[in-house]
Every structure is written in structure tokens, then in C-alpha cells.
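To keep things clear, I will list the structure first and then write my remarks on it.
These numbers were taken from a predicted model, which means no experiment stands behind them. Every heavy atom of this structure was used, including side-chain atoms; hydrogens, water molecules and symmetry mates were not. In listed order, ligands and their atoms are each counted from 1.
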Amino acid sequence: MKITAIYPGTFDPITNGHTDIVKRAAKLFEHVIVAIAANPSKEPVFSLKKRIDLATRVLAELNNVSVRGFESLLAQFAKQCGVQVIVRGLRAMSDFEYEFQMAGMNRTLIPDIETIFLTPAGKYTYLSSSLVREIATLGGPVGDFVHPDVYAALCQKMCQY
Ligand code: COA
């Protein structure tokens with residue numbers, strides 16, 4: 001059975017930890033859609049267009065991965081894309097409660113789509129987009145955590161503050 005998976009998130013911006021999960025998912029599924037949520041409630045620093053552009057560039061070498069933005073409910077978008085699986089990353093136990101709640105709600109909304117969890121490499125378990133942004137804002141080195149294109153975008157964005 002050929003399975004298409006969707007990996008949703010805010011990706012503000014995409015980090016090496018996200019990429020690690022995408023690469024793992026790309027080995028397991030026929031096609032992986034990286035779905036970037038507009039998520040206005042999180043007040044993203046990068047516009048949806050910019051987040052899509054960065055993720056597209058970072059993931060360009062993965063032939064079975066595509067990047068799309070969405071502004072609706074994940075459940076609606078996943079159904080519209082015809083996916084069978086939602087992929088989420090679990091970095092630590094602290095992620096679990098929120099993820100469990102979201103998986104349960106998505107199952108109620110779209111019973112025929114399964115949520116599965118992948119864990120990133122150990123070196124990414126403490127990584128988050130907001131930490132990367134904070135370090136970059138304060139002039140710290142974030143080159144080990146993000147793709148060079150994201151690094152450049154962060155530098156450009158932080159220069160505006
Ligand atoms: N490596 C590095 N960081 C990771 C990571 C990994 N493997 N996995 C998660 N993170 C970080 C993210 O960078 C993010 O950090 P931040 O909060 O500091 O920015 C944090 O963990 C959580 O981000 P993410 O996993 O992307 O989740 P999210 O909360 O940003 O996104 C959505 C959640 C978009 C999937 C969810 O809100 C959604 O589905 N929205 C659409 C509306 C909807 O359907 N709502 C009902 C849901 S039931």
C-alpha cells in the first residue's frame with residue numbers, strides 16, 4: 001500500500017530537528033507533505049510565504065517530499081490532500097501530553113487518518129524554533145541548528161530589530 005503522510009507544524013523557521021524528522025518519514029512513506037500552518041495565534045516571525053520558501057529550499061533534495069501551506073484545520077487539509085498518516089515529532093516526555101491531546105482530537109475529526117510519532121536524533125531533542133530565534137536575536141551562533149539559507153534569513157530578520 002502506498003502511503004502519503006503529512007508532517008504539520010508552524011516551522012518558524014524550519015530547523016535541522018524538523019529536517020531530521022522529515023528525512024525519517026521520507027524513508028517510510030511514498031510521499032511526505034510538509035504542511036506549514038499559518039498559525040496566526042503563534043504570531044510567527046516569518047510570513048507563511050517565507051516559511052514555505054525556506055522549507056522548500058531546505059528540503060529540495062528529498063524527491064518524495066513536498067511543502068505546502070495551509071490556513072484551515074489540519075484535519076480538513078489532511079483530508080483534502082488524501083493522506084493516510086499524520087507524522088509528529090516527539091522530542092521528550094514534555095511533548096507527549098500536547099501531542100496525545102492533538103492526536104485524539106484529530107482522530108475524532110478524521111477517524112480514518114492515523115497519527116504516528118517519530119523521534120529525532122538525540123542532538124535535536126532540545127531544539128525548538130523559538131530557542132533558535134532567541135539565540136539569533138541575541139547574536140548567538142545558530143549555524144549548527146539550521147540550514148545556511150535559514151541562517152541567512154534569520155540574520156536578515158534579526159537585523160531589522
Ligand atoms: N526539531 C526541532 N524542533 C521541533 C521538532 C523537531 N523535531 N518538533 C517540534 N519542534 C518544536 C518547534 O520548533 C516548535 O517550537 P516553538 O514552539 O519554539 O516554535 C515546537 O516544537 C512545537 O512546534 P510544532 O511541532 O511545529 O507544533 P506547532 O505547535 O507549531 O504546530 C500544528 C502545531 C500546526 C500542527 C497545530 O497547531 C495545527 O494542526 N494547527 C492547525 C489548526 C488545527 O487543526 N487545530 C486543531 C488541532 S487538533
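With ligand atoms numbered from 1 in the order given, ligand 1 contributes 3 (N), 13 (O), 15 (O), 18 (O) to contacts under 4.0 Å with heavy atoms of Ser128. For ligand 1 and Ile21, the ligand atoms under 4.0 Å from any heavy atom of the residue are 7 (N).
Scanning the protein for heavy atoms near atom 41 (C) of ligand 1, the closest one is Phe70 CE1, 3.8 Å. Closest to atom 30 (O) of ligand 1, if we only count protein heavy atoms, is Thr10 OG1, 2.5 Å. Counting only heavy atoms of the protein, atom 16 (P) of ligand 1 lies nearest to Ser130 OG, 3.6 Å.
Below 3.5 Å of separation, one finds no N or O of Phe11 facing any N or O of ligand 1. Considering both main-chain and side-chain atoms, Gly9 never comes within under 3.5 Å of ligand 1 through any nitrogen or oxygen pair. Remark: ligand 1 and Tyr98 share an N or O pair separated by less than 3.5 Å (distance only, no angle test). Taking any N or O of Ser129, backbone or side chain, at least one lies under 3.5 Å from an N or O belonging to ligand 1. Annotation: Gly17 places an N or O atom under 3.5 Å from an N or O atom of ligand 1; distance criterion only.
Side chain of Asn16 to main chain of Asp144: a donor-acceptor pair is present (N/O by atom type, distance under 3.5 Å, no hydrogens or angles). Under the 3.5 Å distance criterion, the side-chain polar atoms of Asp20 are matched with a main-chain donor or acceptor of Ala121. Formation of a donor-acceptor pair under 3.5 Å by the Arg51 side chain with backbone atoms of Gly69 is not found in this model. Looking at Gln84, its side chain does come within 3.5 Å of a backbone N or O of Thr4 through a donor-acceptor pair. A donor-acceptor pair is defined here as one N or O able to donate and one able to accept, closer than 3.5 Å; no such pair exists between the side chain of Asp149 and the backbone of Leu54.
Closer than 4.0 Å to atom 38 (C) of ligand 1 lies none of the heavy atoms of the protein.
In terms of hydrophobic clustering, with Ile, Leu, Val, Met, Phe, Trp and Tyr side chains grouped at heavy-atom distances under 4.5 Å, Val32 and Leu62 are assigned to a common cluster. Clustering ILVMFWY residues whenever any of their side-chain heavy atoms sit less than 4.5 angstrom apart, transitively, puts Leu131 in a cluster other than the one holding Leu90. Linking ILVMFWY side-chain heavy atoms closer than 4.5 Å, directly or via other members, places Phe70 and Leu59 in two distinct hydrophobic clusters.
Counting heavy atoms closer than 4.0 Å to ligand 1, residue Thr15 contributes side-chain atoms (C-beta onward) but none from N, CA, C or O. In Ala37, the part holding a heavy atom less than 4.0 Å from any atom of ligand 1 is the side chain. Contact annotation: for Tyr126 versus ligand 1, there are no heavy atoms closer than 4.0 Å.
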Q. Can you check side chain to side chain contact (heavy atoms under 4.5 Å, CB included) on Phe77 and Ile6, steps first, answer last?
A. CA-CA 10 Å; Phe77 186 65; Ile6 192 165; 3.7 Å; yes
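In the candidate list Arg133, Lys42, Arg88, Arg24, Arg88 is nearest to atom 25 (O) of ligand 1, counting heavy atoms. In the candidate list Arg91, Gln76, Arg107, Met102, Arg91 is nearest to atom 10 (N) of ligand 1, counting heavy atoms.
Judged by distance alone, the side chains of Thr108 and Asn106 never bring a donor and an acceptor atom under 3.5 Å apart.
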